[in-house]
Every structure is written in C-alpha cells, then in structure tokens.
There are 2 protein chains.
Amino acid sequence: MLDSTTLTTEALCRSILERHHDTIQIQKPEFAIRKLTRIITAALDLANAKSFHGMSLRDLSAASGISMGGLYAYFDSKTTLARMILEEVTAQVRLALEAPPADVADDPVRHLEWLIDTHIRLTEILQPWFVFSFMEAKHFPRSERRLAVDNEALTEDYFARVIERGLQQGRFRPDTPVLLASLIKPLLQEWYIKRSKYRRRNVSMEEYSASVQAIVLRSCLPA
Amino acid sequence: MLDSTTLTTEALCRSILERHHDTIQIQKPEFAIRKLTRIITAALDLANAKSFHGMSLRDLSAASGISMGGLYAYFDSKTTLARMILEEVTAQVRLALEAPPADVADDPVRHLEWLIDTHIRLTEILQPWFVFSFMEAKHFPRSERRLAVDNEALTEDYFARVIERGLQQGRFRPDTPVLLASLIKPLLQEWYIKRSKYRRRNVSMEEYSASVQAIVLRSCLPA
DNA sequence: ACATTTTTCGAGCGAACGCTCTAAAAACTG
DNA sequence: CAGTTTTTAGAGCGTTCGCTCGAAAAATGT
C-alpha cells in the first residue's frame with residue numbers, strides 16, 4: 001500500500017542521490033540529501049508555476065537558498081536536473097505498479113481496479129513530480145524525451161497486459177474497445193494535470209477513482 | 001460537416017486578420033493574409049517541434065522568410081502572436097460544436113456521438129493548432145492562460161449539457177458517472193496530443209472515434 | 001594548533017533573447 | 001516618370017540566460 005509518509009520528497013531524493021552519486025560532488029550523503037531535497041522541491045515549485053524553461057537558475061538559487069555555483073555541485077547542467085526528476089518518476093511508477101498484492105493478481109477485474117486506484121493514489125502523493133514529467137518532457141532534448149515516452153508506454157503496458165488476460169479468460173466482452181488500454185492513461189493523467197480544478201469542485205480522490213473504474217469496467221465487462 | 005478544404009490555414013489566418021486588423025500594420029488584406037499564413041504556419045511548426053519559449057523570433061524569421069522587423073508589422077509582441085492562435089482555436093471550437101444538425105440535436109445519444117466525432121474530426125484537421133493551445137497555454141501570462149482554460153471549459157460544457165439532458169429524459173442510466181463530461185475531454189485530447197503514436201500504430205480516425213464513443217456510451221447507456 | 005579537504009559564494013563570461021529603429025526597396029498614384 | 005505611401009531589412013540595444021572559476025569559509029583530520 002502506498003504511503004505518503006514513506007514516499008516523501010526526501011526519500012525520492014535519496015534514491016536520486018544513489019543514482020547520480022558519481023556526478024554529485026558532495027561527499028557526505030546525509031548532507032547532500034538535505035540540500036538536494038531543497039533544490040528539487042524548489043525546482044518542482046518553480047517549474048510547475050512557470051515552466052522549466054521559464055525557471056532560471058538564478059530563480060532556483062534564490063528559492064532553494066543555494067548559490068549559483070553551489071547548485072552545480074549537484075548537477076552538471078540544467079538538463080541533468082530535469083533528468084533526475086524524470087528518472088525518479090519512472091522508478092516510482094515501476095515500484096508501485098509492478099507487484100500487485102497476491103489476492104488481486106489472479107482476478108483481471110480486481111487487478112484492473114487496483115491498477116487504476118494505485119496509479120491515482122501514487123500521482124496524488126507525487127503530484128508535482130508527475131506534472132513536471134508530463135508538462136516538460138516535450139521540450140527536452142531527444143534522450144530526455146525518450147524517458148517520458150517510455151514512462152507512458154510502461155503505464156499503458158500494465159493495463160494492456162491485464163486487459164489481454166481478461167479477454168483470454170473470457171471475463172471481458174470480446175468487443176472490448178481495442179484502444180481501451182491507451183485510453184485509460186489520459187483518464188489517469190487528467191487527475192494530476194487538472195488537480196486544482198477538481199479541488200475547486202470538491203471532487204475527492206475516491207470519487208475520481210470510482211468514476212474512472214466505472215467507465216473502464218463498463219466498457220469491458222459483459223453487459 | 002467539417003471540411004479540410006475550407007478549414008485551411010489561410011482561412012483561419014483571414015479570421016485572425018479580421019480580429020487583429022487594428023494592430024496589424026499591413027494595409028492590403030490579401031497581401032497580409034498571405035504573409036500571415038507563412039508566419040503562423042512556421043510558428044506552429046517551430047513551437048510544436050521545440051516549444052513556444054524555445055522558438056526564437058530569429059528562428060521564426062528564418063523559417064517564414066520574413067525579417068525580424070517585418071514580423072513586428074503583424075504583432076506587437078511574441079505573446080500577441082500566441083494569443084492570435086489561442087483565440088482562433090476557441091473560435092473554431094465554437095463554430096464546429098455549437099450547432100449540431102437538426103436530426104441529431106433531438107436525440108442525446110446521437111448528439112453525444114456527433115460531438116465526439118466532430119471534435120475528433122476538427123482536431124484532426126487543425127492538429128498543430130490544438131497541440132499548440134494545449135501544450136503552451138500553461139506557460140503564458142495570466143490573461144492568455146485564461147483563454148485556454150475557457151476553451152476547455154467550453155468543450156466540457158457541450159458534453160455536460162447533453163449528458164444532463166439524456167439523464168432528464170431517462171435515456172441514460174441514473175448511475176452515470178458524475179465526472180463523465182470532464183473525463184471525455186482527456187479522451188479527445190489524447191487523439192491530437194499523441195497523434196504520431198496512433199499514426200505509428202495505424203489507428204485510423206474512425207477507429208479512434210468508435211473506441212471513444214463505445215467507452216462513453218457504455219458508461220451512460222442502461223445495461 | 002595547524003594542515004588539508006570539502007563546500008560555498010557570486011561576480012563575470014559569451015551567447016542568445018525580445019524588440020526597435022532608420023534607411024532602402026518596392027508598390028502604388030496621377 | 002516623379003511623388004507618395006507602404007513594406008522590408010537586419011544591425012544594434014539592453015537584458016537575461018546557462019554556466020565557470022578562483023577565492024573565502026567551513027568542516028575535518030592530526
């Protein structure tokens with residue numbers, strides 16, 4: 001079960017530090033994590049308020065309280081900073097969705113419900129991270145763009161495999177829309193991209209999750 | 001019926017010229033439309049390849065074949081250029097969706113199918129325009145951002161009204177997901193935002209439209 | 001206490017940005 | 001063809017960008 005007390009920004013930054021320990025010039029890990037957390041927090045704030053391009057490193061320096069030069073002890077270019085965030089999002093999606101509970105994995109219907117609910121819960125906790133990945137990915141150099149594309153393909157694949165299994169087991173109607181797996185993804189993205197709109201309308205995460213589940217299941221369950 | 005021979009870039013640029021005739025310094029309309037078409041075409045190309053921020057006016061000058069100074073006879077700032085495109089997209093959505101054929105307007109089911117199909121056809125013809133509106137809107141000043149938000153609210157409203165009517169007439173199941181109208185929109189956006197993905201998979205517009213219609217109708221029609 | 005390493009700092013670099021401005025070219029008018 | 005208006009061109013302005021670098025400061029080791 002996903003838990004917002006373990007999925008903290010600090011925890012993700014620890015993971016980032018491990019992945020980039022060779023390029024991050026700071027020696028003391030605990031020290032580095034604390035500062036990296038300040039940097040990433042500020043970067044997500046600024047990038048989501050304006051855009052990653054619109055956020056200057058002087059902005060980031062002021063918001064994080066770390067000098068221009070100091071920032072470059074943690075990354076060697078602005079693009080690397082973006083890559084850190086993109087890679088971490090992919091890693092967390094993998095962690096969250098790859099291993100469903102045993103009692104869920106057997107039943108395609110429950111598995112589908114679980115995937116939808118888990119994805120929404122994950123993006124609720126890590127909303128700024130997912131918004132960043134989605135909104136900024138298009139504007140990056142090729143290799144970084146691939147990261148975001150692969151990330152979406154990964155999510156779609158989890159759904160495609162469950163739907164395929166449901167069809168084979170005869171649990172889903174044969175005329176289930178072929179594109180269903182592809183079309184679930186935008187339904188999940190809507191939640192974090194338009195988060196403020198649903199907050200304004202007092203739509204809870206549970207309501208949203210239930211609506212998506214209803215739409216998906218009614219299009220693949222026998223009438 | 002939408003027609004790609006009347007919905008040309010030139011036709012939209014004529015509409016833009018009329019809306020901005022007071023700030024565009026060129027006197028001869030036919031002349032202005034021809035050049036404005038070159039500018040907008042190049043701007044959509046460049047902005048969608050990189051991003052609107054990433055597109056410099058020197059890029060635009062080179063791609064459109066119009067000098068730096070010449071560009072400013074058509075707009076007084078880069079933001080105004082963006083606003084021209086955003087406003088035109090909103091206008092075209094209005095034109096396309098506001099007046100359904102008489103034989104469609106009476107039946108909520110057919111009306112819903114028509115809205116979905118028409119929106120997909122519209123965005124197929126004007127794909128670069130819609131991608132621009134969606135991708136770039138977040139990064140603009142407040143007033144321009146409002147344009148894009150209103151645009152989405154407008155689309156959602158067309159769906160919300162039809163669904164409401166279907167419920168009142170008892171044509172739709174009472175437990176139709178409350179969020180259905182909001183969730184149709186991301187399904188329609190997926191088509192133009194990920195256009196290249198579906199081209200790669202040989203998914204035709206008709207297939208896509210049918211899938212979306214199936215998903216939507218199965219969640220609101222009685223079982 | 002000093003020596004050595006690690007970390008912080010922000011002024012400064014070249015490049016690119018949005019935008020302006022004036023002189024020349026082109027297009028009309030009579 | 002001269003006179004007038006309209007349009008074009010691109011160098012140049014001030015600003016901001018990503019990024020660097022050497023010196024100061026802090027932390028650590030002996």
Side-chain angles (χ1 to χ4, degrees), chain A residues 13 17 20-40 42-43 46-47 49-85 136 139-141 143-144, chain B residues 13 17 20-40 42-43 46-47 49-85 136 139-141 143-144:
Chain A
C13 286
L17 178 63
H20 287 90
H21 73 100
D22 50 337
T23 55
I24 292 179
Q25 298 168 13
I26 305 302
Q27 308 296 325
K28 303 173 66 181
E30 287 312 312
F31 207 86
I33 288 168
R34 212 176 324 131
K35 292 216 159 189
L36 189 57
T37 303
R38 298 225 314 263
I39 293 173
I40 300 275
L46 290 169
K50 320 166 137 196
S51 75
F52 189 67
H53 267 107
M55 172 195 83
S56 76
L57 292 178
R58 285 166 182 83
D59 292 340
L60 181 59
S61 167
S64 66
I66 293 169
S67 68
M68 286 288 299
L71 292 176
Y72 277 80
Y74 294 86
F75 48 77
D76 54 10
S77 78
K78 202 185 174 190
T79 302
T80 298
L81 172 61
R83 188 168 47 234
M84 287 176 171
I85 298 174
E136 307 299 339
H139 307 150
F140 286 147
S143 64
E144 279 72 24
Chain B
C13 286
L17 179 62
H20 290 266
H21 73 98
D22 50 338
T23 56
I24 293 179
Q25 298 168 14
I26 304 301
Q27 307 297 324
K28 303 173 66 185
E30 287 311 311
F31 206 87
I33 288 168
R34 211 177 325 131
K35 291 217 160 191
L36 190 57
T37 303
R38 299 226 313 265
I39 293 173
I40 300 276
L46 291 169
K50 320 165 136 195
S51 75
F52 189 67
H53 267 107
M55 172 195 83
S56 76
L57 292 179
R58 286 167 183 80
D59 291 341
L60 182 59
S61 167
S64 65
I66 294 169
S67 69
M68 286 289 300
L71 291 177
Y72 277 80
Y74 295 87
F75 48 77
D76 53 11
S77 79
K78 202 185 174 189
T79 302
T80 298
L81 172 61
R83 188 166 47 233
M84 287 176 172
I85 299 174
E136 307 300 339
H139 308 149
F140 286 147
S143 63
E144 280 72 25

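Within every chain, numbering begins at 1; the chains are lettered A, B, ... in the order of the sequence lines, protein sequences first and strands thereafter.
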Look at the rings of B:Phe52 and B:Phe140 and say which category their plane angle falls in: under 30° parallel, 30 to 60° tilted, over 60° perpendicular.
-> perpendicular
So what does A:Ser61 hit on the nucleic acid, given a heavy-atom distance under 4.0 Å: a base, only sugar-phosphate, or nothing?
->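 No contact at all - A:Ser61 keeps every heavy atom at 4.0 Å or more from the nucleic acid.
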Cation-pi geometry met for B:Lys35 and B:Tyr74 (6.0 Å, 45°) | no
Heavy-atom side-chain proximity of [X] to [Y] below 4.5 angstrom:
| X | Y | answer |
| --- | --- | --- |
| B:Asp76 | B:Gln25 | no |
| A:Ile66 | A:Ser61 | no |
| A:Lys50 | B:His139 | no |

Between [atom2] of [N] and [atom1] of [X], the distance in whole Å:
| X | N | atom1 | atom2 | result |
| --- | --- | --- | --- | --- |
| A:Met68 | D:dT16 | CE | P | 14 Å |
| B:Arg34 | D:dT8 | CZ | P | 10 Å |
| B:Tyr74 | D:dT6 | OH | P | 14 Å |

Provide the start and end nucleotides, 5' to 3', of the part of DNA chain C that has atoms under 4.0 Å from heavy atoms of chain A.
-> C:dT6 to C:dG12
More 5' along DNA chain D: A:Asp76 or A:Gly54, using each one's nearest nucleotide?
->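 Of the two residues, A:Gly54 wins.
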Considering heavy-atom distances to DNA chain C, does B:His53 or A:Ala73 have its closest nucleotide positioned more toward the 5' end?
-> A:Ala73
Of all the choices, D:dT7, D:dT8, D:dC17, which nucleotide is nearest to the side chain of A:Arg58 once you look at every atom?
-> D:dC17
Minimum heavy-atom distance between B:Ala63 and B:Leu46, given as atom pair plus value | CB-CD1, 3.9 Å
